[in-house]
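What follows is a short report on a single structure.
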Protein chains: 4
Amino acid sequence: MTDRATTPGARADMIRNRRQLLAAATEAFAERGVEVSMGEIAQRAGIAKGTVFRHFPSKNHLLAAITVQLVDGLVAAADRLRTADDPVAALREFMTAGVEVLAADRAFCEVIGRPSLQHAEVRGAINRLCEAVDVLTERAKKQGTVRDDVTGTDIVLLLGGIHQTALPLLAHDPQAWRRYLALALDGLCSPAATPLPHPPPAPLPE
Amino acid sequence: MTDRATTPGARADMIRNRRQLLAAATEAFAERGVEVSMGEIAQRAGIAKGTVFRHFPSKNHLLAAITVQLVDGLVAAADRLRTADDPVAALREFMTAGVEVLAADRAFCEVIGRPSLQHAEVRGAINRLCEAVDVLTERAKKQGTVRDDVTGTDIVLLLGGIHQTALPLLAHDPQAWRRYLALALDGLCSPAATPLPHPPPAPLPE
Amino acid sequence: MTDRATTPGARADMIRNRRQLLAAATEAFAERGVEVSMGEIAQRAGIAKGTVFRHFPSKNHLLAAITVQLVDGLVAAADRLRTADDPVAALREFMTAGVEVLAADRAFCEVIGRPSLQHAEVRGAINRLCEAVDVLTERAKKQGTVRDDVTGTDIVLLLGGIHQTALPLLAHDPQAWRRYLALALDGLCSPAATPLPHPPPAPLPE
Amino acid sequence: MTDRATTPGARADMIRNRRQLLAAATEAFAERGVEVSMGEIAQRAGIAKGTVFRHFPSKNHLLAAITVQLVDGLVAAADRLRTADDPVAALREFMTAGVEVLAADRAFCEVIGRPSLQHAEVRGAINRLCEAVDVLTERAKKQGTVRDDVTGTDIVLLLGGIHQTALPLLAHDPQAWRRYLALALDGLCSPAATPLPHPPPAPLPE
DNA sequence: AATGAATGAGTATTCATTCAT
DNA sequence: GATGAATGAATACTCATTCAT
């Protein structure tokens with residue numbers, strides 16, 4: 001009665017396959033980084049190699065799609081927090097979510113850190129993210145607690161840095177990033193700080 | 001025919017080969033990361049591929065040797081700074097040197113971040129580094145400016161994090177890490193900071 | 001639900017599809033040779049891949065159908081010239097048309113030259129062509145100008161040879177085949193020629 | 001005593017492998033054209049796939065090497081015939097040798113006919129061939145029997161054309177090309193011929 | 001009858017590692 | 001010891017063909 005007649009048949013299978021593929025690829029990339037082979041992803045998804053390439057014309061396209069998906073998740077989070085009551089808490093919450101995503105995904109960091117892996121789509125998503133985070137950052141700065149000389153892009157970049165700091169501990173202490181996030185937030189909120197010795201990053205990193 | 005008796009020269013050759021190999025591998029790994037092929041390293045060193053494998057039984061062994069060498073360079077730097085007049089300045093100097101090394105070396109970060117690439121030797125060197133930096137850190141804490149709840153291991157881990165933060169900017173702004181190092185130092189030196197919400201890292205990360 | 005009775009239209013659609021398919025395939029094979037993919041042909045025809053396979057059970061069947069079509073075009077040309085006033089001019093005109101067709105069609109030559117690509121249908125069409133050209137040739141021989149020891153099959157084979165001769169020049173000089181056609185006609189019309197050292201080809205080459 | 005001490009050991013095996021590889025590749029390309037896979041060539045040569053790529057960095061390089069080898073064989077033949085007593089007989093002998101080579105080699109024709117398959121090396125060899133054949137052709141023209149308006153490049157191109165003419169007969173009548181070579185030579189030697197309607201080919205076909 | 005998603009064998013190429021010389 | 005040739009498993013990607021809808 002729900003969609004008895006609207007189920008487009010083959011389309012349904014395809015959507016299921018695509019879902020499985022994205023899930024498998026997301027998982028595989030997260031666990032083992034960009035080096036997982038397309039063959040393994042296909043196997044994990046329970047579909048044939050050719051089917052993977054039917055959905056995404058190349059490994060980089062697949063990687064880009066997944067990365068964009070992750071980044072856009074963060075954009076949505078940032079947007080949601082835009083109207084929070086406490087701007088500094090909102091920023092903290094966003095950064096927590098951001099590092100959490102990174103901590104769960106090896107490929108993400110590799111893509112973020114290696115320009116050669118970045119499609120235009122990814123760059124676009126990252127730019128969207130920086131802009132969304134800029135809003136959060138400006139609010140937090142206006143409140144006075146967050147130092148004046150940091151930008152949304154700084155915050156986005158810091159996510160990767162905080163994750164990286166805790167990465168060697170990840171296996172034995174999966175929550176270690178919380179320590180370094182707190183440390184970074186303290187740096188971000190120290191109003192008496194010396195002015196930063198280097199200009200803020202350009203809007204388009206890569 | 002003539003150098004039957006001169007074979008002691010063989011030892012000298014071997015030492016020279018090893019030196020060239022290490023130099024070439026260091027350079028190659030620094031420039032292009034762990035993905036450089038053994039073939040290219042051999043070529044850069046001007047020796048045969050087989051000779052590379054005589055000196056190091058696998059690519060990972062070679063990578064480990066070079067990583068240890070780099071880490072030990074930092075250990076030496078930390079040791080040298082142990083007696084500096086201004087402990088906080090010494091810590092800052094050490095961290096500057098550390099991030100600078102990372103920024104110039106792609107493979108280093110990849111090894112640090114990937115447990116599967118780490119030999120026991122590397123872990124040992126990192127432990128030595130953490131201990132040496134502990135000394136610096138304790139001194140800086142005693143001076144009162146550096147917050148009490150950070151350890152040498154934290155500092156060592158931060159090096160990677162600071163570098164990672166600036167990594168996406170590396171191509172267009174090679175000195176961007178200075179910005180994030182300053183930010184981290186501000187976090188480290190904010191005395192009114194909230195206590196860190198997560199315990200310090202265990203001595204042997206991996 | 002409505003067009004239960006209108007299904008005769010299905011037949012019309014199928015015929016239209018077949019026409020589009022043949023046109024697209026002819027064009028595609030002509031331009032890029034036998035290596036064009038079935039996918040591209042389907043796309044050019046504006047129909048689905050599955051439909052292509054409904055009309056032709058394999059790529060080779062499609063290729064054969066198109067080749068037969070081309071060959072039969074030449075058969076028709078030969079038949080038309082059967083009653084021309086000047087038999088030698090007629091033969092020259094036929095050969096001109098034949099080489100022109102080849103020069104415009106990459107796949108054609110590839111099929112002609114590769115027995116493995118030839119279906120019985122193709123062989124049949126070629127035989128029909130040889131017979132039709134035999135008529136032209138006999139008339140030209142009777143007139144006395146064309147040498148006595150060549151057959152229609154020889155003429156047909158020469159079309160491919162003349163085209164091949166000019167093929168390396170095709171990109172820079174698309175009309176170069178005219179030079180070699182003239183040369184061949186001179187050979188065909190040299191009455192004092194030595195008798196050919198090899199017997200004429202059997203009627204069914206492949 | 002011959003090269004007891006100079007045999008460089010591994011070098012001997014390598015040379016044997018290379019010989020086997022070239023033989024296998026020559027044979028495979030000759031039999032089945034450029035489409036044979038590197039895997040099959042390796043198998044035929046009795047060596048591993050990787051070894052094929054050690055000797056030739058890509059399939060095209062291998063193809064080029066073999067093609068150059070074949071063309072240079074013809075250059076040598078042309079050079080040898082430069083001083084023959086009867087220039088026309090010399091030209092006939094050269095063309096016989098040339099078509100014979102083509103008749104035995106499928107890939108050769110494909111490479112000759114497809115610019116995209118041609119390395120600079122191949123083009124160089126073909127140019128050398130055209131020049132060498134020019135010498136033969138000029139001599140034959142001076143003798144008066146061969147028509148004045150053909151060039152060495154024409155002759156080289158004709159080799160492919162004559163072969164192509166006989167190609168459909170190859171399986172059942174491997175010597176059929178002799179018939180068409182004779183026909184072409186008659187065209188070449190008809191002094192009363194009409195002037196060719198198209199200018200001679202430029203020196204560098206592709 | 002048409003669709004187009006899925007399949008899976010096949011391709012060229014790379015590279016760490018082994019081993020005969 | 002040094003050499004560099006040989007190995008072969010692995011990778012991304014293509015394409016004719018099949019088949020569920």
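Predicted, not measured: the structure shown is a model, and the values here were computed from it.
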Next on the checklist: Quick check on DNA chain E: between R54(B) and I47(A), whose nearest nucleotide comes earlier from the 5' end?
Outcome noted: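 Between the two, 5'-proximity favours I47(A).
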
DNA chain F in dot-bracket form (Watson-Crick or G-U pairs under 3.5 Å, [ ] crossing, | inter-strand) is .||||||||||||||||||||

So does G33(D) get a backbone contact from the side chain of E110(D), meaning a donor-acceptor N/O pair under 3.5 Å?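 No, the answer is negative, given that no donor and acceptor are paired below the 3.5 Å cut-off.
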
Do any N or O atoms from the side chain of K59(B) and from the backbone of S37(B) form a donor-acceptor pair under 3.5 angstrom?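 Judged by distance alone, no pair lies under 3.5 Å.
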
What pair of heavy atoms forms the shortest contact from A30(C) to A104(C), and how long is it?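 Taking A30(C) first and A104(C) second, the nearest heavy atoms are CB-O, 3.5 Å.
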
field: Exercise: identify the closest heavy-atom pair between V71(D) and A125(D)
entry: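 Nearest pair, atom of V71(D) first, then A125(D): CG1-O, 3.4 Å.
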
Separation between CG of L63(C) and CZ of F108(C), rounded to the nearest 0.5 Å: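 Reported value, rounded in 0.5 Å steps: 11.0 Å.
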
Within the structure provided, determine whether [X] and [Y] are in side-chain contact (heavy-atom separation under 4.5 Å).
X: I66(A); Y: V111(A); value: no
X: H61(C); Y: H55(C); value: no
X: N17(B); Y: L21(B); value: no

Item checked: Nucleotide nearest N17(B) when distance is taken to its side chain, options dA6(E), dA2(E), dA2(F) ->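 Nucleotide nearest to N17(B)'s side chain: dA2(F).
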
Length of the line joining [X]:[atom1] and [N]:[atom2], which is rounded to integer Å:
X: I41(A); N: dA10(F); atom1: CD1; atom2: P; result: 17 Å
X: R32(A); N: dT11(F); atom1: CZ; atom2: C1'; result: 14 Å
X: E40(C); N: dT14(F); atom1: CD; atom2: C1'; result: 13 Å
X: R18(B); N: dG1(F); atom1: CZ; atom2: P; result: 12 Å
X: I15(D); N: dG4(F); atom1: CD1; atom2: P; result: 15 Å
X: Q43(A); N: dT7(E); atom1: CD; atom2: C1'; result: 15 Å

Given protein heavy atoms under 4.0 Å, the one-letter contact record of nucleotides 11-17 of chain E, with B base, S sugar-phosphate only and - none, is simply SSBB-SB

Side-chain N or O of H55(D) less than 4.0 angstrom from OP1 or OP2 on dA6(F)?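 The answer is yes; a side-chain N or O of H55(D) sits under 4.0 Å from OP1 or OP2.
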
Exercise. Mind jotting down which residue pairs meet the salt bridge (charged side-chain N to carboxylate O under 4.0 Å, His left out) criterion with at least one end in residues 17-32 of chain B? Sequence neighbours excluded, please.
Key: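 Listed once each, the pairs are E27(B)-R44(B), E31(B)-R44(B), R32(B)-E40(B).
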
